[in-house]
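Shown next, in structure tokens, is the structure this report addresses.
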Amino acid sequence: MTDLTHRLIVGGELSDDEWRYLIEGDYEKQLLFNEADKVRRWHYGTDVYIRGLIEISNFCKNDCLYCGIRRSNTNISRYRLTGEEILACCEQGYALGFRTFVLQGGEDAYHTGEWVERVVAGIKEKYPDCAVTLSLGERPREDYERWHQVGADRYLLRHETASRSHYEKLHPPGQSYLRRMECLRDLKQIGYQTGAGLMVGSPFQKTEELIADMRFLQAFQPEMVGIGPFIPHHDTPFAGEPAGSLEHTLTMVALTRLTLPKALIPATTALGTIHPQGREMGLKAGANVVMPNLSPVNVRGQYSLYDNKVCTGQEAAEGLAALKESVAQAGYRVVESRGDAVQTS
Ligand code: 5AD
């Protein structure tokens, strides 16, 4: 195993069989997690970066088969924050010590290029020492450009799966794998710190797909990678599908750390949802970011991507003191900084 992980760290290529062994082989996974933790400590020490997550809208024009806020789900009530409400979240977050704000939402047609531009400019004007991350889905390149021009620093757009045929099983015909990949390339070219990512254990996913994901990450070199287990949502076509497992997700987190030693990798909310210590285990397997929820408390339940999504306690910005304590218990330290990726040489 360590022979393979050392090759990964120096950017080496692995054969299908070698990847297959790392992903699903019969070896002690704790050893892999320890290797990943060693690599994260080379570059980031024990620092854990925090991001204040603001879920700005749960309107979505897409119909991803796995997602609870898909267009076809008529059982949820939809909400959209105003610019003022978003700024109020930032104000609260700033006082708590957050220096990155993540504006995440469904693909909401109300969010014109100009509307988002105004909100981003407003945040950057008031908090010039903070990073703004956007996570608003697929947009025309011009939108990405104008938002970057007014100061948006980072963009999260999970690729979801690097296999075209698999992508087509998770999305309806109008949603295109090639378009997704084009958006990711645009974002990187424009100069965003770009985040890709995937769900582990999504329906129809086999080891083959995960190998394609790892090779995609190796080639694309995103600055950020979000990895969480698939968790079924009761109002979607995948309601009856099993959730991804904890160990499998941690394995993919660790392999991602080894493949992209300097990446920003969150211990995701989904990981914290499938196991009470999931987030801490993610940190110990190579993750170095946590994203507590800064959304107004009254809308949090409505941003229901999957069932039982945790949004209170340590998942919430108000739980920051408790979060700091459990991060410390795990052997790390929450730092109050923008938390940019260390420069790739
Ligand atoms: N389980 C886990 N993650 C999900 N996402 C959407 N639906 C689910 C689900 N059922 C993830 C997707 C998306 C991100 C915002 O949330 O990967 O990119």
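Both counts, for ligands and for their atoms, begin at 1 and track the order of listing. Along the sequence shown, the residues carry numbers beginning at 1. Worth knowing before you read on, the calculation uses all heavy atoms, side chains too, and leaves out hydrogens, waters and symmetry mates.
Phe98 and Val48 fall within a single hydrophobic cluster, where Ile, Leu, Val, Met, Phe, Trp and Tyr side chains are chained together by heavy-atom contacts under 4.5 Å. Residues Val290 and Val225 fall within the same hydrophobic cluster, defined by Ile, Leu, Val, Met, Phe, Trp and Tyr side chains chained together at heavy-atom separations under 4.5 Å. There is no path of hydrophobic side-chain contacts, each under 4.5 Å, that joins Phe216 to Leu156.
Considering only non-hydrogen atoms, atom 17 (O) of ligand 1 lies nearest to Glu160 out of Glu160, Gln104, Arg70.
Residue His233 has no N or O atom closer than 3.5 Å to an N or O atom of ligand 1. When only interatomic distances are considered, the shortest N/O to N/O separation between Ile231 and ligand 1 falls below 3.5 Å. Among the atoms of Tyr306, none of the N or O lies under 3.5 angstrom from an N or O of ligand 1. Among the atoms of Arg158, some N or O lies under 3.5 angstrom from an N or O of ligand 1.
In this structure, atom 7 (N) of ligand 1 lies nearest to the protein heavy atom Tyr66 CD1, 3.3 Å. Summary of contacts: the protein heavy atom closest to atom 16 (O) of ligand 1 is Leu305 CD1, 3.5 Å. Atom 4 (C) of ligand 1 has Met199 SD, 3.5 Å as its closest protein atom, hydrogens excluded (heavy atom only).
Using a 4.0 Å cut-off between charged side-chain N and carboxylate O, Lys38 and Glu35 make a salt bridge. The existence of a salt bridge linking Glu336 and Arg99 is excluded, since no basic side-chain nitrogen approaches an acidic carboxylate oxygen closer than 4.0 Å. For Arg338 and Asp153, the salt-bridge test passes: some basic side-chain N is under 4.0 Å from an acidic carboxylate O.
Contact analysis puts Pro229 in contact with ligand 1, with a non-hydrogen atom separation below 4.0 angstrom.
A side-chain contact (heavy atoms from CB on, under 4.5 Å) with Ile50 is found for exactly one of Thr100, Val289, Leu320, namely Leu320.
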